[in-house]
Amino acid sequence: MDPDDLPRYKERIRTAFEPFDLDAKGVCDVREVGAIIRSLGLNPSEQELLQLIKEMEEDEPSDYVTFEKLESTALRVLGEETMGRDDVDKILRAFRVLDHEKKGYLEPEELRMFMTTKGERFTDEEIQEMLESCIDSDTGLVDYEAYAKILADA
């Protein structure tokens with residue numbers, strides 16, 4: 001990581017953390033770490049995420065993670081660039097595998113079913129968050145080509 005980028009990365013981390021710091025005490029629920037990490041453009045597997053949380057809780061295992069621990073861990077991982085986002089073509093290929101009828105879109109319930117029964121399972125909260133951001137407000141469908149671009153650019 002370029003040292004000139006450090007203030008920008010720190011600001012991104014703080015911006016991602018603040019909505020989860022409900023009491024403004026510099027802590028968040030450990031269950032929110034995945035959402036924060038992913039909002040930074042990282043895409044850890046569930047196993048990698050559990051390892052990151054374990055590192056953050058090393059000194060004081062609890063149900064909460066301090067901003068300082070999260071920031072330190074996130075800066076390290078961002079600097080390593082080992083959990084980066086997939087490119088748009090790879091994301092599109094994944095969605096197209098799910099689109100058996102080659103319609104160019106998925107029904108929200110169809111996507112929910114895939115996310116809860118295939119591969120790495122998502123929680124209901126993670127699925128709801130994703131659906132809120134990927135459903136086209138005009139059609140009520142998941143236009144996965146548009147969503148793939150958003151995911152790749154995040």
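Sequential numbering from 1 along the given sequence is applied to the chain's residues.
Within the 4.5 Å cutoff, side-chain heavy atoms of Leu49 are placed close to those of Val33. Side-chain atoms of Met56 and Ser72, non-hydrogen and from C-beta on, never get closer than 4.5 Å to each other.
Grouped by direct or indirect side-chain proximity (heavy atoms under 4.5 Å, Ile/Leu/Val/Met/Phe/Trp/Tyr only), Leu22 sits alone.
In this structure a side-chain-to-backbone donor-acceptor pair under 3.5 Å is missing from Glu129 to Glu126. No donor-acceptor distance shorter than 3.5 angstrom exists from the side chain of Glu18 to the backbone of Thr15, with no hydrogens or angles considered.
Summarising the geometry of Ala16 relative to Leu40, their closest heavy-atom pair is CB-CD2, 3.9 Å, with the distance given to 0.1 Å. Pairing each heavy atom of Arg31 with each of Asp29, the nearest pair is NH2-OD2, 2.6 Å.
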**OP:** Show your reasoning for whether side chain to side chain contact (heavy atoms under 4.5 Å, CB included) applies to Leu131 and Ile127.
**Re:** CA-CA 6 Å; Leu131 289 174; Ile127 293 168; 3.8 Å; yes

- Task: Start with the C-alpha distance between Leu92 and Tyr144, add both sets of side-chain angles, then the distance that settles side chain to side chain contact (heavy atoms under 4.5 Å, CB included), and finish with yes or no.
- Result: CA-CA 7 Å; Leu92 277 173; Tyr144 58 76; 3.9 Å; yes

Test side chain to side chain contact (heavy atoms under 4.5 Å, CB included) applied to Leu111 and Glu107, step by step = CA-CA 6 Å; Leu111 184 56; Glu107 300 277 343; over 6 Å; no

Where do Arg76 and Glu55 land on the salt bridge (charged side-chain N to carboxylate O under 4.0 Å, His left out) test, with the steps shown first? CA-CA 12 Å; Arg76 179 182 54 77; Glu55 290 172 25; 2.4 Å; yes

Would Tyr64 and Val30 count as a side chain to side chain contact (heavy atoms under 4.5 Å, CB included) here? Give the steps.
CA-CA 5 Å; Tyr64 296 93; Val30 71; over 6 Å; no

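With Thr139 as the fixed residue, the side chain to side chain contact (heavy atoms under 4.5 Å, CB included) test singles out one of Asp136, Asp143, Val142: Asp136. Of the options Ile37, Leu52, Ile53, Ile13, a side chain to side chain contact (heavy atoms under 4.5 Å, CB included) to Thr73 is made by Leu52 and by none of the others.
From Tyr147, atom OH reaches atom CG of Leu106 across 12.0 Å, with rounding to the nearest 0.5 Å. Annotation: the span from Leu70 atom CG to Glu32 atom CD amounts to 11.5 Å, rounded to 0.5 Å. Taking CD of Glu46 as the start and CD of Glu48 as the end, the distance is 10.5 Å to the nearest 0.5 Å. For the atom pair CZ of Arg93 and CG of Leu98, the computed distance is 13.5 Å after rounding to the nearest 0.5 Å. Rounded to the nearest 0.5 angstrom, Leu75 CG and Tyr9 OH are separated by 9.5 Å. Atoms SG and NZ, on Cys28 and Lys69 in that order, are 13.5 Å from each other to the nearest 0.5 Å.
In terms of hydrophobic clustering, with Ile, Leu, Val, Met, Phe, Trp and Tyr side chains grouped at heavy-atom distances under 4.5 Å, Met115 and Leu141 are assigned to different clusters. Val77 and Leu6 fall within the same hydrophobic cluster, where Ile, Leu, Val, Met, Phe, Trp and Tyr residues are linked whenever their side-chain heavy atoms come under 4.5 Å apart, directly or through other members. Linking Ile, Leu, Val, Met, Phe, Trp and Tyr residues whenever their side-chain heavy atoms come within less than 4.5 Å places Ile135 and Met113 in a single cluster.
A salt bridge links Arg96 with Glu145: the distance from a Lys NZ or Arg NE/NH1/NH2 to an Asp or Glu carboxylate oxygen falls below 4.0 Å.
For the salt bridge (charged side-chain N to carboxylate O under 4.0 Å, His left out) test, no residue two or more places apart in sequence or in another chain qualifies with Glu11.
In this structure, Arg14 satisfies the cation-pi test against Phe67, with its NZ or CZ atom closer than 6.0 Å to the six-membered ring centre and inside 45 degrees of the ring normal.
Environment of CD in Glu68: crowded, with over 12 heavy atoms of neighbouring residues, nucleotides or ligands closer than 6.0 Å. The number of heavy atoms from other shown groups lying within 6.0 Å of NZ (Lys103) is above 12.
Side chains of Asp99 and Tyr105: no donor on one and acceptor on the other come within 3.5 Å.
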